[in-house]
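From a predicted model like this one, the values you see are computed outputs, not experimental measurements. The chains referred to below are lettered A, B, ... by the order of the sequence lines, with proteins before strands, and numbering in each begins at 1.
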Amino acid sequence: GVDCGAGSRMCCRQEFFVDFKEIGWEDWIIQPEGYHMNYCAGLCPLHVAGIPGLAASFHTAVLNRVKAASAAAAVGSCCVPTQRRPLSLLYYDRDSNIVKTDIPDMIVDSCGCT
Amino acid sequence: AAQGWPCPACGVAALSPGAQRDALLALAKQNILAKLRLPARPSAPRPPARGALLTALRRMRAQRSAAFPGMLRSPLPFTPPLLVLRAGSSTSHSARLHFRFSQEVAGSTEILRATLYLWWAAPGRGARPVTVRLLQPGPAGPDVTVASETRLEAQSSGWTTLDVGAAVRSLFGQDAPRLTVELEVPEGWGSPLPSNHSDSHWPFVVARARARKSHRLHRR
């Protein structure tokens, strides 16, 4: 995956941090102090889709070759998360119980072209 | 997609920076609440009823009296949450644990006794030397100073205790009371933390505390 820099145009991972204090949620979420949400942005021209490293897997590469050969190739591809990890939260629920939970697939670790 | 963009990410990129940030914050909030199956954020937590707290403490005492004789002999007048444990940086043979005490409790509570409980798995090849360091934040910046260092020999599986009362008491005058414990074993002995990461074997601190009494002046 590629991280976005200044002036990035191609598909990359843009870091985005949500500070729970800033949105007034620090009174019910004990840990962590924020959420590294991140997101994918950038262009996915057809020649990029299927390049190992940007593509998610061998299967993606094969599918892209098939798509490129068909009329559907004109649709293009999207810059989407290819790797995610869970977010662990320690928070007060509605009954003021302290709850620890791991929410899967919440943090975008890398992006690629479909 | 509603605006006719072919990809989900394209729509975000087309917004102005301010609107983009607002949209992402709204999305983050909506995402967290949906995953927690909450219709809205919970209201500010209220402390549990004293009766419920005492019942819970009595149950805990009954369950633990076999494992920790002498622990929790009487109900403790503390207000939860007293502390939160968080694993910090670690290497293959060392680990740092952060015990964060809530500031409100630290300001109104006097610590009588505090004990750190550590679980050791069976070493299998004689006594396992473990160094436990209590680290405190320095006067400025992220630096830490070693408040104390203790060397323990783990002979067999089980809980080991360490008195951390003085260290915890000294923290309570600080803005952000946090005790950092560093565990280190010689290289090649594996991680000092339980490898199965079972909740029941994680390190913890038991603190005996009482509410600070306010000094009253009487005028005649």
Side-chain angles (χ1 to χ4, degrees), chain A residues 4 8-9 11-20 22-44 74-81 86-108 111 113-114, chain B residues 1 5-15 17 20-49 52-53 56 79-88 97-105 176 178 197 199 202:
Chain A
C4 298
S8 295
R9 292 188 68 239
C11 179
C12 57
R13 184 190 69 147
Q14 180 66 55
E15 291 194 347
F16 185 74
F17 180 69
V18 180
D19 188 341
F20 290 142
E22 195 184 324
I23 61 171
W25 277 17
E26 85 281 12
D27 60 344
W28 72 279
I29 297 182
I30 304 164
Q31 279 286 329
E33 286 167 3
Y35 167 32
H36 288 273
M37 184 168 86
N38 307 334
Y39 61 95
C40 301
L43 301 171
C44 274
V75 174
S77 72
C78 285
C79 181
V80 295
L87 169 70
S88 292
L89 279 182
L90 192 67
Y91 68 98
Y92 290 100
D93 70 2
R94 276 175 293 183
D95 303 318
S96 296
N97 298 311
I98 296 177
V99 180
K100 156 95 168 49
T101 188
D102 295 320
I103 314 176
D105 299 334
M106 285 288 279
I107 300 169
V108 174
C111 300
C113 295
T114 54
Chain B
W5 297 99
C7 298
C10 307
V12 174
L15 297 170
Q20 196 180 78
R21 185 170 172 75
D22 290 346
L24 288 166
L25 286 177
L27 189 66
K29 287 182 185 177
Q30 187 190 337
N31 206 8
I32 291 173
L33 292 176
K35 293 282 171 63
L36 296 177
R37 293 179 186 159
L38 294 170
R41 53 147 295 169
S43 53
R46 55 186 189 281
L53 186 60
T79 311
L82 186 60
L83 62 86
V84 170
L85 167 64
R86 186 164 72 85
L97 304 161
H98 303 302
F99 295 87
R100 293 175 55 158
F101 294 79
S102 84
Q103 208 174 346
E104 295 78 14
V105 173
R178 188 172 84 163
H197 286 205
D199 283 351
W202 268 87

> Within a strict 4.5 Å, meaning less than it, do heavy atoms of the A:F20 and B:I32 side chains meet?
Replying inline: yes
> Side chain, backbone, both or neither: which part of B:L38 has an atom under 4.5 Å from a heavy atom of chain A?
Replying inline: side chain
>> Can you give me the closest heavy-atom contact between B:A28 and A:V18, atom names plus distance?
In response: CB-CG2, 3.7 Å
>> At a 4.5 Å cut-off on heavy atoms, which part of A:P104 comes close to chain B: side chain, backbone, both, or neither?
In response: backbone
> Of all residues at least two apart in sequence or in a different chain, which pass the side-chain hydrogen bond (donor to acceptor under 3.5 Å, both in side chains) check with A:E22?
Replying inline: B:R21
>> Checking B:N31 now: which residues fulfil side chain to side chain contact (heavy atoms under 4.5 Å, CB included) with it, not counting sequence neighbours?
In response: A:Y35, A:M106, B:K35
> Okay, side chain of B:R41, backbone of A:W28: is any donor-acceptor separation there less than 3.5 Å?
Replying inline: no
> Is the number of heavy atoms from other residues, nucleotides or ligands under 6.0 Å of A:E33 CD greater than 12?
Replying inline: no
> What are the two closest non-hydrogen atoms of B:Q20 and A:Y39, and how far apart are they?
Replying inline: OE1-OH, 3.5 Å
